[in-house]
Amino acid sequence: MTAYPSLTLRLPDWVDDIAPPGTVCETRSERMGLVVELSRRNFEEGTGGPFGAAVFEIETGRLIAPGVNLVMPSSAAVAHAEIVAVALAGVVTGSFDLGSEGMPPAVLVASTEPCAMCFGAVPWSGVRRLVCGARDEDARAIGFDEGPKMIDWESALTSRGIEVVRDVMRTEAMAVLEEYGASGGVIYNGRQAE
């Protein structure tokens with residue numbers, strides 16, 4: 001009998017150049033700037049789609065874990081940047097709950113608003129804040145299917161004690177999506193409920 005293969009999600013080597021362990025980004029713009037650069041480099045390096053994310057300590061700005069979209073290189077549809085960042089943050093902290101007692105409050109910064117899957121992961125992750133760059137409609141404009149996310153998704157998170165901040169460096173984040181689309185990048189999972 002043959003065993004199933006294992007799944008290992010590994011950040012590309014170039015990520016350490018942009019977001020080495022110990023990185024501190026004190027302002028919201030610095031954090032988003034880092035995430036947008038991750039999204040840009042990911043597609044320029046050919047290591048995945050045009051999405052980046054990172055988990056930071058809210059108060060200090062210390063980077064806990066970066067994430068980039070690894071869907072294509074891993075052949076795993078769930079390897080979105082937010083999922084990678086949250087999963088790696090759990091490994092770094094030794095906890096599946098980033099909001100557990102004794103842990104500093106964390107923020108998830110994403111180059112684009114979460115798709116339906118990543119939206120679902122936000123409350124389970126334990127982060128206390130979600131900061132987004134490009135909007136859902138910006139990703140849809142180049143062909144990505146963001147899934148059947150509820151219309152009032154912000155309020156759903158707010159009601160669970162998670163602050164939502166949108167449109168941080170939206171122009172810069174949207175530019176990465178547009179560059180990816182113009183480059184002929186693969187639009188995976190773009191079936192739009194065919």
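Along the sequence shown, residues carry numbers from 1.
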Open item on the list: On a heavy-atom basis, which atom in P21 and which in D16 lie closest, and how many Å separate them?
Closed with: CD-OD1, 4.2 Å

Open item on the list: Within this structure, what is the OG1-CG distance for the pair T112 and L177, rounded to the nearest 0.5 Å?
Closed with: 4.5 Å

Open item on the list: If you count every heavy atom of other residues, nucleotides or ligands that lies below 6.0 Å from L7 atom CG, does the total exceed 12?
Closed with: yes

- [ ] Have a look at F56 and tell me which of L108, V107, I64 forms a side-chain contact (heavy atoms from CB on, under 4.5 Å) with it.
- [x] V107

- [ ] Nearest 0.5 Å please: distance from the CD1 atom of I142 over to the CE atom of M174.
- [x] 11.5 Å

Task: Beyond-backbone contact of C115 with H80, side-chain heavy atoms, under 4.5 angstrom - done: yes

Open item on the list: Tell me if a side-chain donor or acceptor on E113 pairs with a main-chain N or O of D136 at a distance below 3.5 Å.
Closed with: yes

Task: Heavy-atom pair of closest approach, residues S95 and L98 - done: O-CD2, 4.2 Å

Task: For the student: nearest non-hydrogen atoms of S74 and L9, plus distance - done: CB-CD2, 3.6 Å

TODO: Apply salt bridge (charged side-chain N to carboxylate O under 4.0 Å, His left out) to the pair R62 and E57, showing each step before the final yes or no.
DONE: CA-CA 5 Å; R62 183 181 70 83; E57 289 181 2; 2.8 Å; yes

Open item on the list: Using the rule that Ile, Leu, Val, Met, Phe, Trp and Tyr join whenever any side-chain heavy atoms are under 4.5 Å apart, tell me whether V186 and V68 fall into a single cluster.
Closed with: yes

Task: Close side-chain approach of F144 and P50, heavy atoms under 4.5 Å - done: yes

Task: Distance (rounded to the nearest 0.5 Å) between M117 CE and K149 NZ - done: 12.0 Å

- [ ] Determine yes or no for a side-chain-to-main-chain donor-acceptor pair under 3.5 angstrom, with D138 supplying the side chain and R135 the backbone.
- [x] yes

Open item on the list: Which heavy atom of G48 sits nearest to which heavy atom of P73, and what is that distance?
Closed with: CA-CD, 4.2 Å

Open item on the list: Tell me if the CZ atom of R10 is crowded by more than 12 foreign heavy atoms within 6.0 Å.
Closed with: no

Task: Minimum heavy-atom distance between R128 and G161, given as atom pair plus value - done: NH2-O, 3.0 Å

Task: Connected via hydrophobic side-chain network under 4.5 Å: I83 and V86 - done: no

TODO: Check the hydrophobic clustering (I, L, V, M, F, W, Y; side-chain heavy atoms under 4.5 Å; chains of links allowed) and say if L88 and V109 are grouped together.
DONE: yes

- [ ] Decide whether a cation-pi geometry holds between R160 and W153; the criteria are a distance under 6.0 Å from NZ or CZ to the six-membered ring centre and an angle within 45° of the ring axis.
- [x] no

TODO: Verify side chain to side chain contact (heavy atoms under 4.5 Å, CB included) between L157 and F119, making sure each step is shown before the conclusion.
DONE: CA-CA 9 Å; L157 292 178; F119 165 77; 3.6 Å; yes

Task: Expected output: side-chain N42 to main-chain G49 donor-acceptor under 3.5 Å - done: yes

Open item on the list: If you define the side chain from C-beta out and look only at heavy atoms, does anything of S111 sit under 4.5 Å from L38?
Closed with: no

TODO: Work out which heavy atom in T60 is nearest to a heavy atom in R31; give both atom names and the distance.
DONE: C-NH2, 4.3 Å

Task: E59 atom CD, neighbour heavy-atom count above 12 within 6.0 Å - done: no

- [ ] Treating Ile, Leu, Val, Met, Phe, Trp and Tyr as nodes and any side-chain heavy-atom pair under 4.5 angstrom as an edge, say whether V165 and L63 lie in one connected cluster.
- [x] yes

Open item on the list: Please identify which of these residues, E172, E45, E179, meets the side-chain hydrogen bond (donor to acceptor under 3.5 Å, both in side chains) condition with R40.
Closed with: E179

Open item on the list: Let me confirm one number: the CD1-CG distance from I187 to D145, rounded to the nearest 0.5 Å.
Closed with: 11.0 Å

Open item on the list: Hydrophobic clusters here meaning ILVMFWY residues chained together by side-chain heavy-atom distances under 4.5 Å, can you tell me if V15 and M32 are in one?
Closed with: yes

Open item on the list: Check this for me: E26, atom CD, are more than 12 non-hydrogen atoms of other residues, nucleotides or ligands nearer than 6.0 Å?
Closed with: no

